[in-house]
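In what follows, a structure is listed as C-alpha coordinates, so that the remarks can point back to it.
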Amino acid sequence: RIQVVTEGILTRRIQADPELSGIRLLIFDVFHERSLQTDLGLALALDAAALREDLHILVMSATLDAAGIAALLGSAAAPAPVISGAGRSYPVIVHHLVQTPQDPVAAMTPAVRSALAEHAGDLLCFLPGVAEINRVAADLGEPTGVEVLPLHGSLSLTEQERALRPRSGGPRRVVLATDLAETSLTIEDIGVVVDSGLTRKPRFEPGPGMTRLITQPIAQASAEQRAGRAGRLGPGHCIRLWTEADHRRRP
(Lines give C-alpha, C1' and ligand atoms only; values in the text may rest on other atoms or scores of the structure.)
Protein backbone atom coordinates (compact mmCIF):
# COMPACT_ATOMS: atom_id res chain seq x y z
CA ARG A 1 0.00 0.00 0.00
CA ILE A 2 1.03 3.56 -0.70
CA GLN A 3 -0.29 6.09 1.82
CA VAL A 4 -0.17 9.80 0.98
CA VAL A 5 -0.31 11.92 4.15
CA THR A 6 0.48 15.43 5.31
CA GLU A 7 3.50 16.14 7.49
CA GLY A 8 1.18 16.76 10.43
CA ILE A 9 -0.35 13.30 10.12
CA LEU A 10 3.14 11.79 9.82
CA THR A 11 4.24 13.50 13.04
CA ARG A 12 1.19 12.17 14.87
CA ARG A 13 1.84 8.65 13.51
CA ILE A 14 5.44 8.67 14.77
CA GLN A 15 4.38 10.00 18.17
CA ALA A 16 1.85 7.16 18.46
CA ASP A 17 4.26 4.53 17.07
CA PRO A 18 7.93 5.62 17.36
CA GLU A 19 9.10 2.59 15.33
CA LEU A 20 6.58 3.18 12.49
CA SER A 21 5.64 -0.51 12.51
CA GLY A 22 4.67 -1.84 9.10
CA ILE A 23 6.25 1.07 7.20
CA ARG A 24 9.30 0.27 5.06
CA LEU A 25 9.84 3.51 3.15
CA LEU A 26 9.16 7.18 3.93
CA ILE A 27 9.26 9.63 0.99
CA PHE A 28 9.53 13.38 1.59
CA ASP A 29 8.67 14.94 -1.77
CA VAL A 30 9.20 18.58 -2.89
CA PHE A 31 11.50 19.00 0.10
CA HIS A 32 12.73 22.44 -0.99
CA GLU A 33 9.38 23.83 0.19
CA ARG A 34 10.73 23.89 3.72
CA SER A 35 8.37 24.19 6.67
CA LEU A 36 8.48 23.53 10.38
CA GLN A 37 6.21 20.49 9.90
CA THR A 38 8.43 18.99 7.19
CA ASP A 39 11.65 19.47 9.16
CA LEU A 40 10.08 18.08 12.33
CA GLY A 41 8.72 15.09 10.39
CA LEU A 42 12.16 14.32 8.97
CA ALA A 43 13.81 14.70 12.38
CA LEU A 44 11.35 12.24 13.96
CA ALA A 45 11.73 9.89 10.97
CA LEU A 46 15.50 9.82 11.50
CA ASP A 47 14.88 8.90 15.14
CA ALA A 48 12.61 6.06 13.99
CA ALA A 49 15.22 4.89 11.47
CA ALA A 50 17.77 4.64 14.30
CA LEU A 51 15.53 2.00 15.89
CA ARG A 52 15.07 -0.05 12.69
CA GLU A 53 17.63 -1.06 10.08
CA ASP A 54 14.90 -1.88 7.52
CA LEU A 55 13.28 1.59 7.49
CA HIS A 56 14.34 3.63 4.45
CA ILE A 57 14.01 7.40 3.99
CA LEU A 58 13.93 9.11 0.58
CA VAL A 59 14.08 12.91 0.24
CA MET A 60 13.15 14.27 -3.20
CA SER A 61 13.13 17.64 -4.94
CA ALA A 62 13.96 19.12 -8.33
CA THR A 63 15.99 21.88 -6.62
CA LEU A 64 17.73 20.22 -3.70
CA ASP A 65 20.92 20.89 -1.75
CA ALA A 66 21.81 17.25 -2.34
CA ALA A 67 25.17 17.26 -0.52
CA GLY A 68 23.73 18.85 2.63
CA ILE A 69 20.72 16.54 2.80
CA ALA A 70 22.87 13.48 2.06
CA ALA A 71 25.14 14.38 4.99
CA LEU A 72 22.10 14.86 7.23
CA LEU A 73 20.60 11.49 6.28
CA GLY A 74 23.91 9.68 6.62
CA SER A 75 27.01 11.17 8.18
CA ALA A 76 29.87 13.42 7.15
CA ALA A 77 32.06 10.35 6.68
CA ALA A 78 29.40 8.25 4.92
CA PRO A 79 26.66 10.43 3.41
CA ALA A 80 23.48 8.87 2.07
CA PRO A 81 23.57 7.94 -1.63
CA VAL A 82 22.32 10.55 -4.10
CA ILE A 83 20.17 9.45 -7.07
CA SER A 84 19.92 11.99 -9.90
CA GLY A 85 17.37 11.90 -12.71
CA ALA A 86 17.99 14.49 -15.40
CA GLY A 87 14.61 14.36 -17.10
CA ARG A 88 13.87 16.54 -20.10
CA SER A 89 14.03 20.31 -19.75
CA TYR A 90 14.26 23.07 -22.31
CA PRO A 91 16.22 26.30 -21.98
CA VAL A 92 14.45 29.16 -20.21
CA ILE A 93 15.74 32.71 -20.64
CA VAL A 94 15.36 34.57 -17.33
CA HIS A 95 14.72 38.33 -17.36
CA HIS A 96 15.09 40.52 -14.24
CA LEU A 97 13.85 44.07 -13.76
CA VAL A 98 16.27 46.98 -13.54
CA GLN A 99 14.66 48.05 -10.25
CA THR A 100 12.59 46.01 -7.79
CA PRO A 101 9.10 47.58 -7.58
CA GLN A 102 7.59 48.51 -4.23
CA ASP A 103 4.42 46.65 -5.23
CA PRO A 104 5.19 43.58 -7.39
CA VAL A 105 1.46 42.89 -7.77
CA ALA A 106 0.94 46.31 -9.38
CA ALA A 107 3.91 45.60 -11.65
CA MET A 108 2.32 42.36 -12.85
CA THR A 109 -0.21 43.93 -15.26
CA PRO A 110 2.30 45.95 -17.37
CA ALA A 111 4.68 42.97 -17.34
CA VAL A 112 1.93 40.69 -18.69
CA ARG A 113 1.04 43.17 -21.44
CA SER A 114 4.70 43.46 -22.47
CA ALA A 115 5.13 39.67 -22.45
CA LEU A 116 2.05 39.20 -24.64
CA ALA A 117 3.50 41.64 -27.17
CA GLU A 118 7.09 40.36 -27.12
CA HIS A 119 6.88 36.58 -26.62
CA ALA A 120 4.88 33.67 -28.00
CA GLY A 121 2.83 31.12 -26.11
CA ASP A 122 0.53 31.28 -23.11
CA LEU A 123 1.49 33.03 -19.87
CA LEU A 124 1.63 31.58 -16.36
CA CYS A 125 1.70 34.32 -13.72
CA PHE A 126 2.53 33.58 -10.08
CA LEU A 127 0.79 35.65 -7.40
CA PRO A 128 0.62 35.12 -3.62
CA GLY A 129 -3.13 34.72 -3.17
CA VAL A 130 -6.69 34.96 -4.40
CA ALA A 131 -7.04 38.69 -3.67
CA GLU A 132 -4.01 39.48 -5.82
CA ILE A 133 -5.26 37.21 -8.61
CA ASN A 134 -8.61 39.00 -8.65
CA ARG A 135 -6.86 42.39 -8.60
CA VAL A 136 -4.64 41.60 -11.58
CA ALA A 137 -7.54 40.00 -13.48
CA ALA A 138 -9.57 43.20 -13.00
CA ASP A 139 -6.61 45.36 -14.12
CA LEU A 140 -6.08 43.25 -17.25
CA GLY A 141 -9.74 43.27 -18.20
CA GLU A 142 -10.43 41.26 -21.37
CA PRO A 143 -7.54 41.83 -23.81
CA THR A 144 -8.39 41.16 -27.46
CA GLY A 145 -7.66 37.55 -28.39
CA VAL A 146 -6.60 36.63 -24.85
CA GLU A 147 -8.40 34.63 -22.15
CA VAL A 148 -7.55 35.47 -18.52
CA LEU A 149 -7.98 32.46 -16.22
CA PRO A 150 -7.51 32.19 -12.43
CA LEU A 151 -6.02 29.05 -10.87
CA HIS A 152 -6.07 28.45 -7.12
CA GLY A 153 -7.25 25.85 -4.64
CA SER A 154 -10.53 27.61 -3.81
CA LEU A 155 -11.90 27.11 -7.32
CA SER A 156 -14.17 24.22 -8.24
CA LEU A 157 -12.69 21.32 -10.18
CA THR A 158 -14.48 22.52 -13.32
CA GLU A 159 -12.99 26.00 -13.00
CA GLN A 160 -9.50 24.60 -12.41
CA GLU A 161 -9.81 22.35 -15.46
CA ARG A 162 -10.50 25.42 -17.63
CA ALA A 163 -6.99 26.69 -16.83
CA LEU A 164 -5.38 23.25 -17.16
CA ARG A 165 -7.02 22.22 -20.42
CA PRO A 166 -4.79 22.55 -23.56
CA ARG A 167 -5.58 25.60 -25.67
CA SER A 168 -6.28 23.55 -28.86
CA GLY A 169 -6.19 26.48 -31.24
CA GLY A 170 -8.25 28.83 -29.08
CA PRO A 171 -7.20 32.29 -27.85
CA ARG A 172 -3.95 32.80 -25.97
CA ARG A 173 -4.29 32.32 -22.24
CA VAL A 174 -3.00 34.24 -19.23
CA VAL A 175 -3.20 31.90 -16.23
CA LEU A 176 -3.07 33.75 -12.89
CA ALA A 177 -2.01 31.19 -10.29
CA THR A 178 -0.86 30.75 -6.73
CA ASP A 179 2.11 28.48 -6.02
CA LEU A 180 -0.34 25.60 -6.56
CA ALA A 181 1.14 25.62 -10.09
CA GLU A 182 4.76 25.69 -8.89
CA THR A 183 5.34 21.95 -8.62
CA SER A 184 2.01 20.13 -8.62
CA LEU A 185 1.09 20.20 -12.30
CA THR A 186 2.11 21.00 -15.87
CA ILE A 187 0.03 23.41 -17.96
CA GLU A 188 0.43 22.86 -21.68
CA ASP A 189 1.26 25.70 -24.11
CA ILE A 190 2.97 27.82 -21.41
CA GLY A 191 5.79 29.76 -23.07
CA VAL A 192 6.28 32.55 -20.52
CA VAL A 193 6.30 32.67 -16.73
CA VAL A 194 5.78 36.05 -15.05
CA ASP A 195 6.76 35.76 -11.39
CA SER A 196 5.81 38.28 -8.69
CA GLY A 197 8.37 36.63 -6.40
CA LEU A 198 5.85 36.46 -3.56
CA THR A 199 4.16 33.65 -1.65
CA ARG A 200 1.72 33.47 1.26
CA LYS A 201 2.57 31.09 4.08
CA PRO A 202 1.19 30.37 7.56
CA ARG A 203 3.40 31.55 10.41
CA PHE A 204 2.90 30.80 14.10
CA GLU A 205 3.08 33.86 16.34
CA PRO A 206 4.13 32.76 19.86
CA GLY A 207 2.86 35.98 21.51
CA PRO A 208 -0.87 35.58 20.81
CA GLY A 209 -0.45 31.82 20.26
CA MET A 210 -2.07 31.99 16.83
CA THR A 211 -1.09 31.18 13.26
CA ARG A 212 -1.57 33.87 10.62
CA LEU A 213 -0.88 34.10 6.91
CA ILE A 214 2.01 36.34 5.86
CA THR A 215 3.15 37.42 2.40
CA GLN A 216 6.89 36.99 1.90
CA PRO A 217 9.49 36.77 -0.89
CA ILE A 218 10.08 33.29 -2.28
CA ALA A 219 13.45 31.56 -1.96
CA GLN A 220 15.80 30.99 -4.89
CA ALA A 221 14.79 27.31 -5.10
CA SER A 222 11.12 28.23 -5.55
CA ALA A 223 12.07 30.82 -8.17
CA GLU A 224 13.90 28.11 -10.12
CA GLN A 225 10.89 25.80 -9.87
CA ARG A 226 8.58 28.52 -11.16
CA ALA A 227 10.89 29.45 -14.03
CA GLY A 228 11.03 25.80 -15.06
CA ARG A 229 7.29 25.85 -15.81
CA ALA A 230 8.15 27.78 -19.00
CA GLY A 231 10.51 25.04 -20.19
CA ARG A 232 8.51 21.88 -19.71
CA LEU A 233 7.39 21.41 -23.31
CA GLY A 234 9.73 23.75 -25.21
CA PRO A 235 12.07 26.76 -24.85
CA GLY A 236 10.56 29.65 -22.91
CA HIS A 237 11.04 32.88 -20.99
CA CYS A 238 10.71 33.82 -17.31
CA ILE A 239 10.17 37.43 -16.26
CA ARG A 240 11.01 38.02 -12.61
CA LEU A 241 9.58 41.16 -11.05
CA TRP A 242 12.72 41.82 -9.02
CA THR A 243 16.37 42.62 -9.77
CA GLU A 244 19.21 40.18 -10.24
CA ALA A 245 20.93 41.65 -7.15
CA ASP A 246 17.76 41.07 -5.12
CA HIS A 247 17.69 37.48 -6.38
CA ARG A 248 21.23 36.82 -5.12
CA ARG A 249 20.24 38.09 -1.65
CA ARG A 250 17.31 35.69 -1.35
CA PRO A 251 17.72 32.58 0.79
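Among residues two or more places apart in sequence or in another chain, the side-chain hydrogen bond (donor to acceptor under 3.5 Å, both in side chains) test is passed with Thr6 by none. The side-chain contact (heavy atoms from CB on, under 4.5 Å) test applied to Ala50 returns no partner, not counting sequence neighbours. A search for side-chain contact (heavy atoms from CB on, under 4.5 Å) contacts involving Glu205 returns Arg203, Pro208, Arg212, not counting sequence neighbours. Qualifying side-chain hydrogen bond (donor to acceptor under 3.5 Å, both in side chains) partners for Gln15, counting only residues two or more places apart in sequence or in other chains: none. Remark: Arg165 pairs with no residue by the side-chain hydrogen bond (donor to acceptor under 3.5 Å, both in side chains) rule, at least two apart or across chains. Here Asp17 pairs with nothing under the salt bridge (charged side-chain N to carboxylate O under 4.0 Å, His left out) rule; sequence neighbours left out. A search for side-chain hydrogen bond (donor to acceptor under 3.5 Å, both in side chains) contacts involving Arg52 returns Asp54, not counting sequence neighbours.
Rounding to the nearest 0.5 Å gives a distance of 4.5 Å between CD1 of Ile57 and CG of Leu46. Residue His56 holds its NE2 atom at 5.5 Å from CZ of Arg24, rounded to the nearest 0.5 Å. For the atom pair CG (Leu176) and CG (Asn134), the distance works out to 9.0 Å, reported to the nearest 0.5 Å. A distance of 10.0 Å separates CG of Leu40 from CD of Glu7, quoted to the nearest 0.5 Å. Between the CG atom in Leu116 and the CG atom in Leu140 there is a gap of 8.0 Å [rounded to 0.5 Å].
Side-chain contact between Ile187 and Leu151 is present, with at least one heavy-atom pair separated by less than 4.5 Å. When side chains are defined from C-beta on, Pro150 does not count as touching Glu159, because their heavy atoms never get closer than 4.5 Å. Within the 4.5 Å cutoff, the side chain of Leu42 has heavy atoms near those of the Leu73 side chain. In this structure, Arg232 and Ile190 have side chains that are not in contact, with every pair of non-hydrogen atoms separated by 4.5 Å or more. A heavy-atom distance below 4.5 Å is not found between the side chains of Val136 and Val174. Within the 4.5 Å cutoff, the side chain of Pro206 has heavy atoms near those of the Phe204 side chain.
Pairs of residues two or more places apart, or lying in two chains, that qualify as side-chain hydrogen bond (donor to acceptor under 3.5 Å, both in side chains) and include a residue from residues 192-202 are Glu132-Arg200, Asp179-Thr199, Asp195-Arg226, Arg200-Thr215. Residue pairs meeting the side-chain hydrogen bond (donor to acceptor under 3.5 Å, both in side chains) criterion with at least one member in residues 141-150, sequence neighbours excluded, are Glu147-Arg162.
Closest approach of Ala227 to Arg240, counting heavy atoms only: CB-NH2, 3.9 Å.
Annotation: Arg13, atom CZ; neighbour count of heavy atoms from other residues, nucleotides and ligands within 6.0 Å does not exceed 12. Within a 6.0 Å radius of CD1 in Ile83, no more than 12 heavy atoms belonging to other residues, nucleotides or ligands are found.
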For residues 118-128, which side-chain N or O atoms pair as donor and acceptor with protein atoms under 3.5 Å away, sequence neighbours left out?
{"unit_1": "Asp122", "atom_1": "OD1", "unit_2": "Arg167", "atom_2": "NE", "d": "3.0"}
{"unit_1": "Asp122", "atom_1": "OD1", "unit_2": "Arg167", "atom_2": "NH2", "d": "3.1"}
{"unit_1": "Asp122", "atom_1": "OD1", "unit_2": "Arg173", "atom_2": "N", "d": "3.1"}
{"unit_1": "Asp122", "atom_1": "OD2", "unit_2": "Arg167", "atom_2": "NE", "d": "3.3"}
{"unit_1": "Asp122", "atom_1": "OD2", "unit_2": "Arg173", "atom_2": "NE", "d": "2.9"}
{"unit_1": "Asp122", "atom_1": "OD2", "unit_2": "Arg173", "atom_2": "NH2", "d": "3.2"}

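The backbone N or O of Gly197 sits less than 3.5 Å from a side-chain atom of Arg250, completing a donor-acceptor pair.
The other members of the hydrophobic cluster of Met60, by chain and number, are Leu25, Ile27, Leu58 (side-chain heavy atoms under 4.5 Å, ILVMFWY only). Val130 belongs to no hydrophobic cluster, as no Ile, Leu, Val, Met, Phe, Trp or Tyr side chain comes under 4.5 Å of its own.
Under a 4.0 Å N-O distance rule, the pair Arg135/Asp103 qualifies as a salt bridge.
Val175 and Val105 sit in two unconnected hydrophobic clusters of ILVMFWY residues. Membership requires side-chain heavy atoms under 4.5 Å apart, directly or through other members. A continuous path of ILVMFWY side-chain contacts below 4.5 Å connects Leu55 to Val5, so both sit in one hydrophobic cluster.
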